[in-house]
Structures are given as C-alpha cells and as structure tokens.
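One-based numbering along the sequence shown.
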Amino acid sequence: MARGRVGLLPVLAGVAVLAAPLAVRLSAQQWQEYGPGERLDALRNYRRHRELPEERQRQVEEQYERWRQMPEEERDRIRENYERYRRMPPQERSLFEDKYRTWKRERRP
C-alpha cells in the first residue's frame, strides 16, 4: 500500500467536523460569500462540533490547526488522496479500510 494513502483515514476521520471551528471564526463578510448549501453545511458542522465532549472538541481544533500549518503542497496531496478514496468502488474502499486498520494495529507500541 502506498505510504501517502496510509495517512488518509486519520485525516478523513476529522474532515467532517474540521469546518466546525471555522464557523465560529468566520467574519460576516466571509459568511456572506457562502452559498446557501455551504452555510447550511457550516452550521451543521458547527452544531455537531458543539455537541462533542470538550476533550473531543479540543482534539478536533488541534487537528485543524495542524492542517492549517501544513504546507499547501501537503494539503493538496491529502485532498487528492481523499478524492481518490471517495471515488473507490465500495468493495475496493472496504479492502483499503481493512488494510488501514491492520496497519494501524501493527504500528501501535
């Protein structure tokens, strides 16, 4: 399995709620630039984020900060991997997830 794809799932796990802290930090002007669907998604993400236990909220926010600090090329590579993952047929995706879980178990101390 390619090394770039192995680190994909931890990123995917946080993607759904990574935008949540952003909803709080958006200026009114940025909010106005969002389309109706984007606003609804941001609001849903924010509400989901606020319902998380405080420790999980902190983890999500730390993940987001790490994401923001990554070089743009690295973020682009992760986005490309994510899109490749999303386009996988269900059976191939399941196989990939099984391999990832095995890899994750084996690398634990």
Side-chain angles (χ1 to χ4, degrees):
M1 180 169 9
R3 186 166 201 260
R5 292 176 70 185
V6 171
L8 177 63
L9 286 179
V11 173
L12 294 177
V15 166
V17 291
L18 281 180
L22 286 176
V24 175
R25 298 181 185 138
L26 289 174
S27 70
Q29 181 180 8
Q30 289 170 314
W31 183 255
Q32 294 300 324
E33 292 171 2
Y34 278 6
E38 292 170 316
R39 288 182 192 181
L40 184 58
D41 287 344
L43 184 58
R44 285 180 181 153
N45 285 339
Y46 174 73
R47 287 179 177 157
R48 243 189 335 248
H49 177 72
R50 297 304 300 163
E51 291 172 2
L52 293 171
E54 284 185 34
E55 177 64 20
R56 183 65 183 125
Q57 285 182 30
R58 187 183 60 72
Q59 290 172 347
V60 168
E61 290 165 9
E62 288 172 0
Q63 288 174 344
Y64 176 70
E65 285 305 315
R66 280 195 303 273
W67 170 261
R68 285 189 52 199
Q69 293 173 10
M70 279 184 195
E72 188 63 33
E73 303 82 34
E74 180 70 6
R75 291 189 305 202
D76 288 343
R77 186 184 66 76
I78 291 170
R79 285 184 192 107
E80 289 169 14
N81 287 343
Y82 175 67
E83 286 304 317
R84 193 174 324 134
Y85 171 81
R86 286 188 56 191
R87 288 189 303 264
M88 285 181 181
Q91 190 172 14
E92 186 179 346
R93 186 184 290 197
S94 180
L95 179 62
F96 175 82
E97 291 167 354
D98 290 344
K99 287 180 179 180
Y100 173 77
R101 280 190 290 274
T102 300
W103 173 84
K104 188 83 169 171
R105 248 190 332 267
E106 290 173 356
R107 79 171 249 233
R108 286 191 182 152

Using 0.5 Å steps for rounding, measure from the [atom1] atom of [X] to the [atom2] atom of [Y].
X     : Y     : atom1 : atom2 : value
Glu97 : Met88 : CD    : CE    : 9.0 Å
Phe96 : Arg84 : CZ    : CZ    : 9.0 Å
Glu33 : Glu38 : CD    : CD    : 10.0 Å

Lys/Arg N to Asp/Glu carboxylate O, Arg77 vs Glu80, below 4.0 Å: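 Looking at Arg77 and Glu80, the cut-off is not met.
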
Stepwise side-chain contact (heavy atoms from CB on, under 4.5 Å) check, Arg101 with Lys104: CA-CA 5 Å; Arg101 280 190 290 274; Lys104 188 83 169 171; 5.6 Å; no

Nearest heavy-atom neighbours spanning His49 and Glu61: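 Reported closest heavy-atom pair: NE2-OE2, 2.8 Å.
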
Validation row, ring centre Trp67 to ring centre Tyr64 under 6.0 Å: no

Minimum side-chain heavy-atom gap Arg44-Leu40 below 4.5 Å: yes

Heavy-atom side-chain proximity of Arg87 to Arg93 below 4.5 angstrom: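 Contact flag for Arg87/Arg93 side chains = no.
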
Short side-chain to backbone donor-acceptor contact, Glu74 and Pro71, under 3.5 Å: no

Expected output: side-chain Thr102 to main-chain Asp98 donor-acceptor under 3.5 Å: yes

Residues that Arg58 engages under salt bridge (Lys or Arg N to Asp or Glu O under 4.0 Å), provided they are two or more places apart: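 Partners of Arg58 by the salt bridge (Lys or Arg N to Asp or Glu O under 4.0 Å) criterion, ordered by chain and then number, come out as Glu55, Glu62.
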
Glu72: partners by side chain to side chain contact (heavy atoms under 4.5 Å, CB included), with sequence neighbours left out: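 With neighbours one apart ignored, the set is Arg75, Asp76, Arg79.
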
Distance-only side-chain donor-acceptor flag, Glu51 / Tyr46, under 3.5 Å: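 The answer is no; no qualifying pair exists.
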
Stepwise side-chain contact (heavy atoms from CB on, under 4.5 Å) check, Ile78 with Met70: CA-CA 10 Å; Ile78 291 170; Met70 279 184 195; 3.6 Å; yes

